[in-house]
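These notes concern the structure reproduced below.
If you're wondering where the values come from, they're calculated on a predicted model, not measured in any experiment.
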Amino acid sequence: MNEELLEPRQVQCPYCGSECTLLVDISQGSISTIEDCERCCAPMQIDIEVDEGMGTLSSLTVHRDDNSDQ
């Protein structure tokens, strides 16, 4: 993990609605991962899109892991 490429992002849990800060590692490129909510411990699906040419975060989507809101 390259700490220079960690970007803090505020997100809202799709289960309990609480806000939390994720540290997004853009050095990994575009990925999908699961992180537990800090408050309710529910699994949040996180989709990270990185603009490889610019080396910047282009989008961050957080949704329920159970796909009930899609």
Side-chain angles (χ1 to χ4, degrees):
M1 179 172 16
N2 186 343
E3 291 186 26
E4 294 175 0
L5 297 176
L6 292 178
E7 292 192 15
R9 297 293 172 154
Q10 284 292 115
V11 297
Q12 186 174 17
C13 175
Y15 294 92
C16 71
S18 67
E19 296 221 357
C20 59
T21 302
L22 294 178
L23 289 176
V24 179
D25 183 358
I26 60 173
S27 70
Q28 294 180 355
S30 297
I31 62 168
S32 290
T33 187
I34 295 176
E35 296 283 335
D36 290 340
C37 172
E38 296 170 352
R39 184 166 187 200
C40 72
C41 298
M44 301 181 294
Q45 176 74 38
I46 302 167
D47 298 320
I48 300 167
E49 293 290 326
V50 175
D51 181 331
E52 300 286 337
M54 300 290 290
T56 58
L57 181 66
S58 56
S59 74
L60 175 71
T61 307
V62 178
H63 52 92
R64 294 173 69 115
D65 184 45
D66 62 12
N67 294 320
S68 66
D69 66 347
Q70 294 183 350

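Legend: residues meeting side-chain hydrogen bond (donor to acceptor under 3.5 Å, both in side chains) with Glu19, ordered by chain and number and at least two apart, are Gln10. Residues that satisfy the side-chain hydrogen bond (donor to acceptor under 3.5 Å, both in side chains) test with Glu52, not counting sequence neighbours, are absent from this structure.
Contact detail for Met44 and Cys13: the closest heavy-atom pair is SD-CA, 3.8 Å. Between Pro43 and Asp36, the shortest heavy-atom contact is CA-OD1, 3.7 Å. Listed here is the closest heavy atom pair of Met54 and Asp51: N-OD1, 3.1 Å. Here the shortest heavy-atom pairing between Pro8 and Thr21 reads CB-CG2, 3.9 Å.
Annotation: the span from Asp66 atom CG to Gln45 atom CD amounts to 11.0 Å, rounded to 0.5 Å. Here the CZ atom belonging to Arg9 is positioned 11.0 Å from the CG atom belonging to Leu23, to the nearest 0.5 angstrom.
Looking at Ser30, its side chain does come within 3.5 Å of a backbone N or O of Val50 through a donor-acceptor pair. Looking at Thr33, its side chain never comes within 3.5 Å of a backbone N or O of Ile46 through a donor-acceptor pair. With hydrogens and angles ignored, the 3.5 Å screen pairs a side-chain donor or acceptor of Gln12 with a backbone N or O of Gly17.
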- Before giving the answer on side chain to side chain contact (heavy atoms under 4.5 Å, CB included), spell out for Ser18 and Cys40 the whole-Å C-alpha distance, their side-chain angles and the decisive distance to 0.1 Å. CA-CA 9 Å; Ser18 67; Cys40 72; over 6 Å; no

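The side-chain heavy atoms of Cys20 and Glu35, taken from C-beta on, include no pair separated by under 4.5 Å. Contact annotation: the side chain of Leu57 approaches that of Ile48 to within less than 4.5 Å [non-hydrogen atoms, C-beta and beyond].
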